[in-house]
Amino acid sequence: MSSERKVLLERAYPEVLAFCRGLGLVFEVVDLCWGIRNVYSGDHESWEIFLQEIQTCKRISAGPAFVLLLGNRYGHRALPRVIPEKQFEVLMSKLYKKPEGIKQLSQWFLKDNNAVPPTYVLQPITAHFPHYKTQLLQFLRLAAANAEAAGDITAEQKQCFHTSGERHVIVCLLMFQGDSEVREGPKRLAKYMDLTADGLLDAEAQGLLANLKSRLYVSSQKILNLHCVELGKGSVDPKRKEHAEYLDSICEQFVTQMKARIMNRGTSDWMFEEAGQHLAMSAKLCKGLHGRDSLLGKLCLAMWESTNVRHAPLIIHGAAGMGKTALLCKLAQEMRSVLDAGSVVAIRLLSAHHPQRPDIDHVLHSICLQICLACGLSLPSPLTAGAHLELLRFFRNILAQVSQHGNSLLLILDSLDQLSDQHHAQRLHWLPTDLPPNVHLVVSMDTNSEVFANMRLKLASSGNFFEVEHLSHDEGKQVMESNMQAWQRMLTPEQSDAVLRCFDSTGCPLHLKLILSAARRWASFTLIADIHLGTNTQEMMSQLLQMLEEKHGKELVGGALGYLVLAREGLLEAELRDVMSLDNDVISEVYRYSLPPTPSLIRLPPLLWAQLKLDLEDHLEERWVGGVATIAFNNRRLVEVVSSRYLTSQRRRRSLSILAEYFLGQWSGKLKPATLPGLSLLVCDRKVPPQPLWFAPDVANVRKLQELPYHLLHAGLWEELRQEVIGEMTEESRVCGVTSVIHDLDQCSQYMDCTETRLVRDTLVLIKPICFSDMPLFYTELLARLCSLASTFPSVIGRLCSQCEEWLLTCPEPILVPKCSFLQQPGGALQHTLSGLHGGVLCADVSVPAELLAAGTDDGVVAVWSLADQQLIHTLLGHTGLVNMMTAVLFLSAAADRTLSLFNIHTNSLDKFLDLQHDDIILSASMSSDCRLLASGAADQLIRVRDNPSLTAKPSSDKRHRCSLLDHLSVSAPVSCLELSQQKRLLLCGLTSGTVLIYPLLLPQETLCLPPPESLSRVLCLVVSSQERHLAVAYEDSACLFEITTRDSFPTVEGPLQRFSLSLLHAPLSSMALLSDCRLLYGTDCGEVRLHDFTSGGDSRLEPHGSRVTCVTASNWGTHALVGSEDAVQRLWALNPLALDHTMEYKGFYFEGILSAAFSDSDQFLFTGSQDRTVKVWDVSSGNLLYVQLVYSPVARMVTYRNGFVALTQEGFVIKEVFRCPEYISPDYNPLRNVKAQYRVTSREKNRDGQGPSTSDLQDFNPAQLNLNLMSMLRAKPSPACLIL
């Protein structure tokens, strides 16, 4: 059925693949018959491989796992490779009349006494016996028929000598059945039907086929698809109409039914997958552990003695290959049967991630999730999972809670030396050394590792260290016998002696494991002279690779194993087959002696990899990465041997390039040249899938994002790396996280000198960690920091900014889109911002010789960072009150809990926290002794480390929009206020002398002057009406109205037209707005709000505020006005008629007052700038808070810009943004999800006349637990006492 296979490969499989990818699934096709002219190997293992692959598919597939195409041929009926001893002897006894049969069966089947029970094994085929199969089958079938007639064997046992290999396969699942009507002569009959050796129709095979079809029709009618097609001219011809319709129907039915079954799949959770994976590996490894009973007893006794008291963890150490992992797995198994029913045993085999090292955050997060789910505790929040210090604190709290609830917990962490160096986890700062009762922690590590040295420094007691030593001769013999018994095998005495002699030279369990892996394949008739065992682990691994090369070919073995070593997170089997199909060296070896079935389509036959995998089954493992099963080596020593044997410098670079081309999708749908032996250059399709960045709008190509940057970098394809990866890093950050992107960029900096890459990396470091979990905020910050660099660096930063803007413009939530750079850029004075502390920073100090920075917080935590790499070294949790003093180099901390602590800190225990910008008042600062480093801390939980700009001349790439000095304008007295007339280009300046100076910006030397009032009162406020026809000036004792006109094309100010006086008891005006109808809305220092009509002289009192009014802003169309004050209240008034629409109360972490405001050009939205360094967007009609953006500096002034605003910060930076709001906002949207604040809006009922009673329309979003204790402490008078020890 080659035509059916071909059309499925070309048309159906790609469609199902795209469908699965759109659902975030992986679709693999394993057709072991494709590409092989004769699938029946000389060692008779083909059908065993077929059955094993089907079982693998059923085990790992989330949907359908098997498809059958069944035609008019029953198929190959293979000889049984293994026949039980008793059954074989019965068969031989029935051939007493056939001496030739007895002779041939005795020649081809040899008895293997190493099998338990013994079996007869069919010997490999040689070229000298081309017709062995037919004769042996005839003899076996004759003997089986006689044995069944005599009652010596059952009918089912007899059937094993008659049925085909497909008979064993079909029982799994049936989806298709193909029938054909043949109208050809006997010469071509063999293509469609079973024939005997003399060319006649095999009636027995046809009878078996008819019986099979009838049973399948009865049992699988719902998933059966029947086809009938007339065949001719040798095969199915797609050019014939009926044949084309037949192939179309097969493809359509395949795609339809596969999609339906895929949609009915189940789902799984990554944590359950990971925990289950480690549990399964643990169960597998502990089966082979023997000879460690004494050490297991010591460990169990140590845990039992420390159950009810506080204690230290247990440390298992030993040389590589000593069996530490298996020992811990056995310990976990034994303790499950000893501990109470409600106890929790969590095990993590960290070496299972080799060659990629796991990071400590992922390990702790996974463990915390498992413990919380098992014990019914609260799960860690996303913010906790994304912050290392918070995660570490949560982990320790979880251990304490488990102990307090009386539960028992055993936590086992294997191979701590395999942890990645992220957060300097190998310094073990995260490992608790004082465990509560009922909580046990057992860890393992290599004795020769840095982790073990750090563990010795961290844990003084030697009684908690247990060494895994070499196995003795007797223990090795016990391991050998136990493993052989588990495999239902045994060895001859000579073979056992050979194994133990070789093992005694090392006593290493890993060496013995490799020896037994080879010995399990020995038969009792295997000669000792043919056995070659390596004297050590490396020699055994080399002999394994040599055996594989002789059996499968050097290029195939080297290619497959090399790609597994080079993969960053392992490879899916489909990926490995695809990559090897792109490797011309592998393809040339595969097709050295025979041409591919279709020269225009060349791929690696799947059977070849399946055969190689069968011989490697003891050395490979499945790894679940992101819900898919990848394969990798289970031993890092084997990885090292494979690397040194196959991955030379040239081959490594070529293999990495092929991997990069695959994940780039370079050859998808394209023809790649290939050179086969004896043929000229071929250009053929390799049928590899495309690799888009997104399979669906919400489904990313995670495998591409994980693997591609690594392979491009190490293959030296740096230009492709810049274009394909760095330019798409916004997508990678969405899927894999910003930490992953920073890690990739750090690796890039080690190999390539790229300014753009360095700037992007530094920008990501500057961004707050809270942004990493909120993509709209992340894109906004990225654009606000890099926007001005886009024109200078268009290839990477320019593309990055374009991607950010495109994403923001399609964001389904309200969002502010930056139109210029206004946040801190890379390359400036600000080097790093250290974050992760839970409380406000009260004190900090720097040690220059040790390059350390220590900080104390109000929650009693002392944190120590290394300034060399911005990594957290220590987190000292001994204080229970706030830490209010810190000195270096010996770090001395004084806390509010009346404790004084002295620490001698070294850089041998490290961790990491990076974040940006202060959000609160600065509470402490310290300068290094050489005056080149300045550290400052604040109650916003952040620390900034800066170069001292007065001493360090460092070029800066800071291109933020900042106000620059254009001209000097002389004045006669101090300036009290400024106002700008934008349309008429006038700058109005109020002086303390009462004079108002007016500068035409086009002719600044032509200054206009409004003389002071008779009282010489100073000018308090200036405001221009929205149409810029009038000007209002507020003095200390009065307010005046002026008219702005033009004479001879030159602006003039006439007046005052109107004036009203302010009494001596009237508080000074603090802010005002002039409406188009000459009404003045103003607020005072004491919170009073009034509306004065210059035309009629009328005056209205509005609802007062509890503190100084800081902002009065009228809308562009004169329908609304906002009044805000220093307290948490701002009110939105309707002006025609005058009515209070909304009262908006916003309580931030500390700073609450509003400083500036502006309406959008349509008056639909209101923008406010506040003391808390944020810009907020409000909906005018409903009063709802739509968006909050941190800009890291109070906004002093705002003006309307299109559907957004232009603002000026107190640091002198210009912010220009536009607001985009979708028509529909999800009810789950929370504008306060990233800030510690709460707000409430009280609105009037607009469907009634008059104001009526107010009602609360909104509930509090995210009510923050504000730390008021710290504020009261700051306001209290500090103690004058100073203690010196």
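The first residue in the sequence is number 1, and the count goes up from there.
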Run Val1033 and Leu988 through side-chain contact (heavy atoms from CB on, under 4.5 Å) and show every step you take. CA-CA 10 Å; Val1033 181; Leu988 299 98; over 6 Å; no
Heavy-atom side-chain proximity of Leu816 to Thr780 below 4.5 angstrom: no
Heavy-atom pair with the smallest gap, counting every atom of Cys1021 and Leu1069: SG-O, 3.9 Å
Can you check whether Leu1122 reaches Met1144 side chain to side chain, under 4.5 Å on heavy atoms? yes
I need the Leu777 CG to Arg1233 CZ distance, nearest 0.5 Å. 8.5 Å
Is the shortest side-chain heavy-atom distance between Asp1172 and Ser1170 below 4.5 Å? yes
Flag the pair Glu1036 / Leu1020 as yes when at least one side-chain heavy-atom distance between them is below 4.5 Å, and no otherwise. yes
Please identify each residue that fulfils side-chain contact (heavy atoms from CB on, under 4.5 Å) with Pro1194, with sequence neighbours left out. Leu1155, Gln1171, Arg1173, Gln1210
Hey, can you tell me if Phe1219 and Phe1167 have their rings parallel, tilted or perpendicular (30° and 60° cut-offs)? perpendicular
Are the side chains of Pro1104 and Val1089 in contact, using a 4.5 Å heavy-atom criterion? no
Can you name the residues that form a side-chain contact (heavy atoms from CB on, under 4.5 Å) with Glu1088, not counting sequence neighbours? His1066, Thr1084, Cys1086, Arg1090, Arg1101
Which pairs count as ring-ring contact (aromatic ring centres under 6.0 Å, His included) when at least one residue sits in residues 1089-1113, sequence neighbours excluded? Phe1060-His1092, Phe1060-Phe1094, His1092-Phe1094
Looking at Asn1116, is its backbone amide N or carbonyl O close enough to the side chain of Asp1163 to form a donor-acceptor pair, meaning the two atoms are under 3.5 Å apart? yes
Can you name the nearest heavy-atom pair linking Ser1156 to Ala1196, along with the distance? CB-O, 3.6 Å
Under the side-chain contact (heavy atoms from CB on, under 4.5 Å) rule, what do Tyr1082 and Val1023 come out as? Steps first, then yes or no, please. CA-CA 10 Å; Tyr1082 65 90; Val1023 64; over 6 Å; no
My understanding is that only residues two or more places apart in sequence, or in another chain, count here; which of them pass salt bridge (charged side-chain N to carboxylate O under 4.0 Å, His left out) with Asp1093? none
Do side-chain atoms of Ser1061 reach the backbone of Ser1038 as a donor and acceptor pair under 3.5 angstrom? no
By side-chain contact (heavy atoms from CB on, under 4.5 Å) - contacts of Ser993 (at least two apart): Ala973, Leu991, Thr995
Contacts of Glu1145 meeting salt bridge (charged side-chain N to carboxylate O under 4.0 Å, His left out) (sequence neighbours excluded), chain-then-number -> Arg1240
Nearest heavy-atom approach of Val1235 to Tyr1146 is CG2-OH, 4.0 Å
Got a second to check how far Leu1166's CG is from Leu1186's CG, nearest 0.5 Å? 10.0 Å
Going through the distances and angles, do Leu1010 and Leu1031 end up as a side-chain contact (heavy atoms from CB on, under 4.5 Å)? CA-CA 11 Å; Leu1010 297 179; Leu1031 165 67; 4.1 Å; yes
Heavy-atom pair with the smallest gap, counting every atom of Tyr1192 and Glu781: OH-OE2, 2.6 Å
Quick one: are Trp1178 and Tyr1239 in side-chain contact, heavy atoms under 4.5 Å? yes
Close side-chain approach of Glu1054 and Pro1056, heavy atoms under 4.5 Å: no
In Å and rounded to the nearest 0.5 Å, what is the CG to OG distance from Leu1022 to Ser981? 12.0 Å
For residues 1193-1205, the salt bridge (charged side-chain N to carboxylate O under 4.0 Å, His left out) pairs (sequence neighbours left out) are Glu979-Arg1197
Is it the case that the side chain of Ser1025 and the backbone of Leu1074 share a donor-acceptor pair, with hydrogens and angles ignored and the cut-off at 3.5 Å? no
Where do Val1214 and Phe822 land on the side-chain contact (heavy atoms from CB on, under 4.5 Å) test, with the steps shown first? CA-CA 6 Å; Val1214 177; Phe822 55 86; over 6 Å; no
For Glu1043, the salt bridge (charged side-chain N to carboxylate O under 4.0 Å, His left out) test, sequence neighbours excluded, returns none
For a quick test of reading the model, state the closest non-hydrogen atom pair linking Leu986 to Leu980 and the distance between them. O-CD1, 3.2 Å
Tell me whether Thr1174 contacts the main-chain N or O of Val1188 through its side chain, where contact means a donor paired with an acceptor under 3.5 Å. no
Using atom types as modelled and distance alone, determine if a side-chain donor or acceptor of Ser1071 lies under 3.5 Å from a backbone N or O of Val1112. yes
Does the Ser1070 side chain pair with the main chain of Gly1083, one donor and one acceptor, at a distance under 3.5 Å? yes
Polar side-chain atom of Thr1200 near backbone of Ala1158 as donor-acceptor pair, under 3.5 Å: no
Cut-off 3.5 Å, side chains only: do Thr1052 and Thr1045 have a donor facing an acceptor? yes
Go through the structure and list residues passing side-chain contact (heavy atoms from CB on, under 4.5 Å) with Gln983, not counting sequence neighbours. Glu1028
Surrounding CD of Gln1027 (heavy atoms of other residues, nucleotides or ligands, distance under 6.0 Å), is the total greater than 12? yes
Distance, nearest 0.5 Å, that separates CG of Leu1185 from CD of Gln1238: 12.5 Å
To the nearest 0.5 Å, what is the distance between CZ (Arg1131) and CG (Asp1141)? 13.0 Å
Between the side chain of Ser1115 and the main-chain N/O of Phe1159, is any donor-acceptor distance below 3.5 Å? no
Set of residues satisfying salt bridge (charged side-chain N to carboxylate O under 4.0 Å, His left out) with respect to Asp1085, sequence neighbours excluded: Arg1108
Minimum heavy-atom separation for Leu1041 and Cys1078, please, with both atom names. CD2-SG, 4.0 Å
Could you tell me the separation between the CG atom of Leu1132 and the OG atom of Ser1181, rounded to the nearest 0.5 Å? 10.0 Å
Mind jotting down which residue pairs meet the ring-ring contact (aromatic ring centres under 6.0 Å, His included) criterion with at least one end in residues 1006-1051? Sequence neighbours excluded, please. none
Listed once per pair and sorted, the salt bridge (charged side-chain N to carboxylate O under 4.0 Å, His left out) pairs that draw on residues 1062-1082, sequence neighbours left out: Asp1077-Arg1079
Leu1075 versus Leu1091: any side-chain heavy-atom pair under 4.5 Å? yes
